[in-house]
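In each ligand, atom 1 is the first atom listed, and ligand 1 is the first ligand listed. What you see is a predicted model; the values in this text were computed from it and never measured.
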Amino acid sequence: MRNIAVIGAGSWGTALSMVLADNGYSVRLWSHRREQADEINERHINGKYLPGIMLPKNVAGTHDLEAALDGANAVLLVVPAKAMREVLGRVREHLAGPMLFIHGVKGIEPGTFKRMSEVIEEEIPKKFRKAVVVLSGPSHAEEVSLRHPTTVAVASVNTAAAKKAQDLFFNHYFRVYTNEDIVGVEIGGALKNIIALGAGISDGLGYGDNAKAALITRGLAEISRLGTKLGARPLTFIGLTGMGDLIVTCTSVHSRNWRAGNLLGKGRKLSEVLSEMGMVVEGVRTAEAAYALSKREKVEMPITEAIYQVLFENKNPKEAVDELMGRDKKDEIAALSESLSDPAPHD
Ligand SMILES: NC(=O)C1=CN([C@@H]2O[C@H](COP(=O)(O)OP(=O)(O)OC[C@H]3O[C@@H](n4cnc5c(N)ncnc54)[C@H](OP(=O)(O)O)[C@@H]3O)[C@@H](O)[C@H]2O)C=CC1
Ligand SMILES: O=C(CO)COP(=O)(O)O
């Protein structure tokens, strides 16, 4: 049996460990908290993040990063985006040879506004990485852990590496597609969280399905505009990691981003909401990054801007919606058509 190191024992790291274990791999699931690693080994559960789920026996918890990485054929990184660089610095100290790096993180690094694959390339010397792959798509951990049918995409500039990752994860309930557009997959996965916050805010305000459909569709338009400006392929945004993930995150009660937005729409303060969630809400920091990127790249992103203002400038959510609705009249497609020509993918 081959070994895989999973770095990050939250909901998603644990659910993906189960997929790998079901596929016959020996998984070492690293947690930065010793008691969580002990719980995984002694009781075969991760009570905080996936309550009620029994983990397969071939998922071993560990608090020792060196032991997690020793002899591993691939490493899967699943920590919050803001922790990625620090965790990679620690991982780097224990690498002995080249490894396949896969990540399942849906965020942009605060401050640098870099994608996670860029952070991995900066922190892990070339001699220690065979390739970098992202795994993304509509996939709530809670449902994956119940082995409910789920589809995702794996993307890399290295096609063979994407196929390798596809082989690692693919099974009867977890269908994995390859995609050559790593920029589009990472941008779609990160920015959908901002729109999910918006969908939650809209629901919290008492608005209905019309408003949510508008947010999803026009949200996708602005994600595509920024993504293509950054080098993504437009078609990626109508796929699993674009429209697919927007649908699931904006409509599911499992979504932490939707739930956080819902509380904000009901009038709660951001600081209170975040401490109550107790899990990562990537859309908050990603809204800051996407807002800055939209200014840097001169891309119009009115929904992102409105959500940024609600989160960081204390704007009243209802006023933000009123302002969005009162913007200048527009043609639906004209502003999009430029970015919808589909060049070959590039990084
Ligand atoms: N949950 C899901 O359904 C999905 C999540 N994702 C993405 O996966 C990524 C991780 O999310 P998810 O697992 O859900 O998050 P959770 O909040 O469930 O778990 C985060 C995990 O990371 C740990 N952690 C926090 N900071 C650090 C650090 N500095 N060093 C090491 N570990 C740390 C936490 O530990 P502690 O318990 O101590 O806080 C916890 O184990 C996010 O980018 C998310 O968008 C993608 C697809 C689906
Ligand atoms: O990315 C996800 C589902 O595809 C999980 O979304 P949340 O982080 O909002 O729970």
Pairs meeting criterion side-chain hydrogen bond (donor to acceptor under 3.5 Å, both in side chains) with involvement of residues 87-102, two or more places apart: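 For residues 87-102: R92-E123.
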Taking the minimum heavy-atom distance to atom 38 (O) of ligand 1, which of M277, H32, H254 ranks first?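 Among M277, H32, H254, the closest heavy atom to atom 38 (O) of ligand 1 comes from H32.
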Could a heavy atom of M279 be found less than 4.0 Å from some atom of ligand 2?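 Flag not set, M279 not near ligand 2.
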H140 neighbourhood, listing ligand 1 atoms whose heavy-atom distance to it stays under 4.0 Å: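 In order of numbering, the contacting atoms are 3 (O).
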Please lay out, stage by stage, how S31 and R33 fare under the test side-chain hydrogen bond (donor to acceptor under 3.5 Å, both in side chains). CA-CA 5 Å; S31 170; R33 284 190 295 114; 5.2 Å; no
Does the residue A141 have a heavy-atom contact with ligand 2, meaning some pair of atoms that are separated by less than 4.0 Å?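 Contact check A141 vs ligand 2: negative.
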Pair E305 + K295: basic N to acidic O under 4.0 Å: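 The answer is yes: the pair qualifies as a salt bridge.
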At a 4.0 Å cut-off, with the gap strictly under it, does some heavy atom of E282 reach an atom of ligand 2?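 In this structure, E282 fails to qualify as a contact of ligand 2 - no heavy atom is under 4.0 Å.
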Numbered atoms of ligand 1 (with element) below 4.0 Å of A9, judged on heavy atoms: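 So the atoms of ligand 1 that pass are 41 (O).
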What's the spacing between F237 CZ and L220 CG if we round to 0.5 Å?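 Answer for the CZ-CG pair, F237 versus L220, is 8.0 Å.
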Looking at V105, which atoms of ligand 1 are within less than 4.0 Å of one of its heavy atoms?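 Answer for ligand 1: 43 (O).
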I need the single residue from I4, I7, V6 that forms a side chain to side chain contact (heavy atoms under 4.5 Å, CB included) with V75. Which is it?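 That would be I7.
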Selected option - heavy-atom contact closest to atom 1 (O) of ligand 2, from R259, H140, K192: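 Closest candidate by heavy-atom distance is K192.
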Going by the ring-ring contact (aromatic ring centres under 6.0 Å, His included) test, which pairs reach into residues 153-174, not counting sequence neighbours?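 Sorted pair list comes back empty.
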Looking only at protein heavy atoms, which one is nearest to atom 8 (O) of ligand 1, and how far off is it?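 Here the nearest protein heavy atom works out to G104 O, 3.3 Å.
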Is the number of heavy atoms from other residues, nucleotides or ligands within 6.0 Å of CD (E332) greater than 12?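 No, because the 6.0 Å sphere around CD of E332 holds 12 heavy atoms or fewer from other groups.
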Where is the nearest protein heavy atom to atom 42 (C) of ligand 1: which residue, which atom, and how far?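 Residue, atom and distance for the closest contact: E282 OE2, 3.3 Å.
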Heavy atom to atom 25 (C) of ligand 1, shortest distance: which of A141, G283, A81, P80 holds it?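 The residue whose heavy atom sits nearest atom 25 (C) of ligand 1 is P80.
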Just to check, does A196 reach to within less than 4.0 Å of ligand 2 when the distance is taken from its heavy atoms?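 Flag not set, A196 not near ligand 2.
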Residue-level breakdown please: for T249 versus ligand 2, do any non-hydrogen atoms fall below 4.0 Å on the side chain, on the backbone, on both, or on neither?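 For T249, the contact with ligand 2 is made by the side chain alone.
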Once you restrict to heavy atoms under 4.0 Å, what part of H254 touches ligand 2? Side chain, backbone, both or neither.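 It is the backbone that gets close, since no side chain atom is under 4.0 Å.
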Heavy atoms only, cut-off 4.0 Å: how does S255 contact ligand 2, side chain, backbone, both, or neither?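 It is both backbone and side chain that touch ligand 2.
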